[in-house]
Amino acid sequence: MPATALSSDLMVKYEPVIGLEVHVQLLTATKAFCGCANQFGSAPNTNVCPVCLGLPGALPVLNAKAVEYATLASLALNCQVRERSIFARKNYFYPDLPKGYQISQFDKPIAEHGWIDVPTADGTMKRIGITRLHMEEDAGKSLHDGFADSATRTYLDLNRCGTPLAEIVSEPDIRTPDEAFEYLTRLKEILLYTGVSDCNMEEGSLRCDANVSVRPRGQEKFGAKVEVKNVNSFRFIRAALEYEIERQIEVIESGGRIVQETRLWNAGEGRTYSMRSKEQAHDYRYFPEPDLPALIVSPELLAEAKRKLPELPEARRARMIAAYELNEKDAHALTVSREFADRFEAAAKTAKSPRRVANLLLSELGGRLKALGLEQEQSPVSMAGVVMAADLLDENAISSKQLKQLLDICFEKGEDFPAVYEREKPQQISDAGAIEKAIDEVIAANPKQVEQYRAGKKTVAGFFVGQVMKAMKGQANPALLNELVTKKLDA
Ligand code: ADP
Ligand code: ZN
Ligand code: MG
């Protein structure tokens with residue numbers, strides 16, 4: 001975890017308070033209230049119809065898949081799902097909102113009272129409360145640049161109107177920018193595992209507004225909060241919070257007062273700018289949506305969602321740590337995505353030693369991929385190839401040095417392990433006489449280690465095995481080598 005910039009004396013005096021509002025687009029095939037395609041990147045204004053454009057007389061019909069996804073996300077975030085929730089109109093004028101209101105949920109959201117556990121600076125876990133998860137629809141997009149006449153015109157693309165969203169609002173439980181970063185990382189991971197969103201920040205399918213205030217440590221009452229918008233990566237959210245905390249402390253220290261306002265993050269300059277103050281804040285005039293009945297999540301629907309809920313990342317890591325004797329770090333690496341963890345586990349099950357498969361995957365392959373700047377999916381060596389390599393090592397059919405050489409060839413030629421192994425089948429010397437001769441030479445050259453071994457330090461045998469293997473260019477039959485080394489040393 002990177003150290004924060006907020007290490008001044010003033011951080012001893014003030015405590016930040018942070019709450020996050022996250023919008024995620026749900027991965028449904030069609031929009032929330034009409035049959036238009038819910039698709040990123042279509043030609044502008046092609047996925048639209050009278051319902052999502054809000055033409056007179058058009059009526060919304062709720063997408064059942066969106067409800068299923070919102071319910072799944074709610075359960076994954078430990079929320080209580082309300083059996084009866086209500087849609088409301090949130091009224092405001094903006095060119096990318098042709099209806100003049102957004103269908104959202106207000107006082108009766110689909111889910112409340114959840115939480116996510118996040119790791120903190122001291123290594124313990126901390127529970128961050130989730131106030132609510134509610135369903136709503138997205139607005140369109142204003143295109144301010146990219147056109148020849150962008151200096152004088154703004155264009156509208158209404159394809160995004162009516163895209164189903166879940167808004168997830170945290171309690172003001174977060175205390176540092178690092179905790180905010182961890183919360184978002186965990187939240188995204190859970191949502192990805194649940195499969196309800198692709199959480200792609202570049203495409204806007206996950207967006208976050210950060211609320212932050214500071215108070216003198218020991219004071220119970222929260223300070224006035226500032227909402228920071230327009231932040232498009234978790235790193236920038238951390239940076240924006242760090243900036244904003246320092247700014248607020250400076251204002252207070254110099255005798256000023258923080259006013260509740262919305263500020264915009266400017267990534268280029270690494271600072272926030274005031275956008276509107278509380279006095280200019282919207283009054284959304286929420287009222288129940290007359291065109292939609294109450295949303296009922298019946299006990300049957302809820303039970304079905306519970307059945308569909310996959311094993312979540314934290315639980316999966318705990319199980320895999322126990323099942324394959326992994327450490328925490330390796331468990332994280334193997335569960336980066338549900339798909340990767342699935343592929344690993346399916347393959348590992350067929351191996352003699354799943355733990356060795358994990359080790360090879362993360363060290364030998366992971367190292368090579370990292371050096372080349374490749375992702376796991378781009379590896380020339382398949383999961384089955386890794387299992388084969390691990391089994392060969394386990395059977396002592398190849399030495400680890402030979403394995404490294406074979407993997408080098410795989411990466412050089414872009415070939416999978418089985419093919420390279422069949423072609424290159426490493427020479428293995430199983431001639432006991434030749435191996436014994438090499439052992440004798442190593443024993444003669446290392447009297448001190450022989451003494452240690454004979455004094456009871458049996459692990460020194462590994463040193464001899466390594467030296468002989470090196471002398472024999474990695475070609476000695478490892479099983480036979482092990483056996484002969486022990487025999488010679490014990491003689
Ligand atoms: P608003 O009515 O302005 O939208 P909410 O009470 O709905 O405010 O809270 C929005 C978000 O701001 C939530 O995530 C909440 O945890 C957070 N929040 C509320 N008060 C504060 C505060 N004083 N400092 C920091 N965050 C806060
Ligand atoms: Zn439509
Ligand atoms: Mg709010």
Side-chain angles (χ1 to χ4, degrees), residues 14-23 28-39 42 45-55 58-63 66 77 90 92 97-99 103-107 109 112-116 128-134 136-140 157-164 167-177 179-180 183-184 187 207-216 219-229 237 240-241 244-245 248-249 252 258-263 275-284 286:
Y14 292 96
E15 179 179 53
V17 171
I18 299 165
L20 301 174
E21 293 166 286
V22 172
H23 286 90
T28 53
T30 55
K31 292 185 181 181
F33 304 110
C34 63
C36 290
N38 172 24
Q39 200 172 59
S42 301
N45 302 307
T46 53
N47 298 330
V48 290
C49 75
V51 173
C52 52
L53 293 179
L55 300 187
L59 288 172
V61 178
L62 180 58
N63 181 341
L77 298 171
K90 179 178 179 177
Y92 64 98
L97 187 75
K99 285 213 294 260
I103 301 178
S104 182
Q105 294 188 308
F106 185 51
D107 56 343
E112 293 171 298
H113 312 303
W115 43 265
I116 300 181
I128 307 294
I130 289 173
T131 316
R132 53 191 273 146
L133 180 153
H134 67 252
E136 59 183 30
E137 59 177 337
D138 214 339
D157 177 3
L158 301 178
N159 281 345
R160 204 174 66 178
C161 287
T163 293
E167 177 173 346
I168 299 149
V169 182
S170 89
E171 288 288 308
D173 288 347
I174 300 165
R175 291 290 171 270
T176 67
E179 275 177 29
Y183 169 86
L184 291 168
L187 173 61
R207 309 194 288 272
C208 175
D209 299 330
N211 299 270
V212 53
S213 61
V214 298
R215 62 180 170 185
Q219 175 184 305
E220 200 175 325
K221 193 167 169 287
F222 289 153
K225 78 176 160 77
V226 162
E227 182 174 2
V228 186
K229 285 186 177 292
I237 285 167
L241 286 169
E244 192 52 33
I245 290 164
Q248 291 184 17
I249 291 174
I252 297 170
I258 298 299
V259 285
Q260 186 171 333
E261 62 176 343
T262 301
R263 296 177 72 92
M275 180 173 120
R276 59 169 180 255
S277 71
K278 174 82 174 168
E279 288 69 46
Q280 301 156 278
H282 287 125
D283 171 5
Y284 294 116
Y286 278 99

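For ligands, and for the atoms within them, numbers begin at 1 and follow the listed sequence.
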Below 4.0 angstrom from a heavy atom of [X], which ligand 1 atoms are there? Numbered from 1 as shown, please.
{"X": "Gly19", "value": "14 (O), 16 (O), 17 (C), 26 (N)"}
{"X": "Glu171", "value": "16 (O)"}
{"X": "Val17", "value": "24 (N), 25 (C)"}
{"X": "Phe222", "value": "23 (N)"}

Using modelled atom types only, decide if a donor and an acceptor are shared between the side chain of [X] and the backbone of [Y] within a distance under 3.5 Å.
{"X": "Asp209", "Y": "Glu227", "value": "no"}
{"X": "Lys31", "Y": "Asn159", "value": "yes"}
{"X": "Arg160", "Y": "Ala139", "value": "yes"}
{"X": "Asn45", "Y": "Leu158", "value": "yes"}

Spatial distance of atom CG (Asp138) from atom SG (Cys52) [nearest 0.5 Å]: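 If we round to the nearest 0.5 Å, Asp138:CG and Cys52:SG are 12.0 Å apart.
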Interatomic spacing from SG in Cys208 to OH in Tyr183 - rounded to 0.5 Å: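 So the gap between those two atoms works out to 8.5 Å.
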Polar contact flag for Val169 and ligand 1 (N/O pairs, less than 3.5 Å):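 No: no nitrogen or oxygen of Val169 is under 3.5 Å from one in ligand 1.
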N or O pair under 3.5 Å between Gly223 and ligand 1: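 N/O-N/O distance under 3.5 Å: yes.
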Contact partition for Leu20 relative to ligand 1, non-hydrogen atoms under 4.0 Å: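 Backbone only.
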Closest to atom 3 (O) of ligand 1 (judged by heavy-atom distance), picking from Glu21, Gln260, Lys225: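 Result: the heavy atom closest to atom 3 (O) of ligand 1 is in Lys225.
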The Zn ion (ligand 2) contact by Cys49, N, O or S atom under 2.8 Å: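 Cys49 does place an N, O or S atom closer than 2.8 Å to the Zn ion (ligand 2).
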Three-point angle Cys34:SG, the Zn ion (ligand 2), Cys52:SG, rounded to the nearest 10°: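 Rounding to the nearest 10 degrees gives 110°.
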NZ or CZ of Lys90 within 45° of Tyr286 ring axis and under 6.0 Å: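 Lys90 over Tyr286 ring: no.
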